[in-house]
Amino acid sequence: LKEVKLVAFLMEVEAGYAQDNPYHNNAHAGDVMQRLATMLTAGVRPIYPTLLSDLEFFACILAAIVHDYAHPGKNNAFLINTTDPLAQTHNDKHVLENHS
C-alpha cells in the first residue's frame with residue numbers, strides 16, 4: 001500500500017464527514033478507529049494472535065474509519081417521515097445502512 005494513495009484516500013474519506021454534524025463527524029470516526037485498534041491490539045491479539053491476519057486487521061480499521069461516511073446527521077425515521085431524497089432512493093428501507 002503506497003503512502004501517497006492511502007493519504008489521498010483518507011483525505012477523501014475525511015471530506016465525506018460533515019463538520020457541522022455534531023456527532024457523526026471525522027472526530028467520531030477517529031475515535032471509533034482508535035478504540036477498535038486498541039481493543040484488537042491490546043485485547044484480541046494477545047489472546048488470539050492468529051485470529052486476524054494483517055489484512056483482516058487493516059480491513060477492520062478501515063471499516064471503523066468509514067462506518068459513518070456521509071452520514072446526514074438524522075435517523076432513518078426522520079429521513080423517511082420527511083420524504084428525504086435519500087430515503088426515497090432506498091425505498092424507505094434501512095436508509096442509512098444502505099447509504100453507507
Side-chain angles (χ1 to χ4, degrees):
L1 186 61
K2 295 188 187 271
E3 183 178 348
V4 172
K5 288 186 178 185
L6 177 61
V7 169
F9 172 77
L10 293 175
M11 289 176 69
E12 284 294 319
V13 170
E14 184 173 23
Y17 280 94
Q19 296 310 303
D20 61 345
N21 189 326
Y23 185 74
H24 298 98
N25 53 40
N26 61 347
H28 169 67
D31 182 48
V32 171
M33 181 213 57
Q34 178 60 39
R35 288 173 187 256
L36 179 63
T38 299
M39 289 185 335
L40 292 176
T41 56
V44 174
R45 278 204 164 166
I47 298 168
Y48 306 105
T50 60
L51 181 66
L52 295 173
S53 68
D54 288 343
L55 181 60
E56 290 167 327
F57 180 88
F58 179 72
C60 290
I61 298 302
L62 184 59
I65 293 169
V66 302
H67 82 280
D68 277 332
Y69 179 82
H71 194 294
K74 307 288 190 261
N75 65 22
N76 285 333
F78 180 88
L79 296 172
I80 293 166
N81 291 333
T82 59
T83 62
D84 187 277
L86 186 59
Q88 293 175 344
T89 297
H90 299 294
N91 298 315
D92 295 340
K93 302 290 184 197
H94 312 288
V95 178
L96 295 172
E97 294 77 10
N98 285 317
H99 175 61
S100 296

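The figures that follow rest on heavy atoms only: side chains count, while hydrogens, waters and symmetry mates do not. The structure presented is a predicted model; accordingly, all values stated were derived computationally and were not measured.
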side-chain hydrogen bond (donor to acceptor under 3.5 Å, both in side chains) partners of residues 43-64, not counting sequence neighbours, each pair once: Arg45-Asp54, Ser53-Glu56
Exam field: side chain Asn21 to backbone His24, donor-acceptor pair closer than 3.5 Å: yes
Shortest non-hydrogen contact between Pro72 and Leu86, atoms and distance: CG-CD2, 4.2 Å
Hydrophobic cluster identity match, Ile47 and Phe57, side-chain contacts under 4.5 Å: yes
Any Thr89 side-chain heavy atom under 4.5 Å of His99 side chain: no
Closest non-hydrogen atom pair, Ala64 against Val32: CB-CG1, 3.9 Å
For Phe58 against Leu1, the heavy-atom pair lying closest together: CZ-CD2, 3.7 Å
Criterion side chain to side chain contact (heavy atoms under 4.5 Å, CB included) against Asp84, the qualifying member of Asn76, Val95, Leu79: Leu79
Straight-line distance of Asn75 CG to Leu96 CG, nearest 0.5 Å: 7.5 Å
Distance, nearest 0.5 Å, that separates CE of Met33 from OG1 of Thr38: 8.5 Å
His67 and His28: side chain donor to acceptor below 3.5 Å: yes
Non-hydrogen side-chain atoms of Glu3 and Leu6 separated by less than 4.5 Å: no
Distance in Å, Gln34 CD paired with Asp31 CG, rounded so as to fall on 0.5 Å steps: 8.5 Å
Non-hydrogen side-chain atoms of Ile65 and Phe9 separated by less than 4.5 Å: no
Neighbour count above 12 (heavy atom, 6.0 Å) for Gln19 CD: yes
Closest heavy-atom pair and its distance - Leu40, Cys60: CD1-CB, 3.9 Å
Asn98 to Lys93 - nearest heavy-atom pair and separation: ND2-O, 2.7 Å
Nearest atoms (heavy-atom pairs only) where Tyr69 meets Tyr17: N-OH, 3.3 Å
Under 3.5 Å donor-acceptor, His90 side chain and Asp92 backbone: no
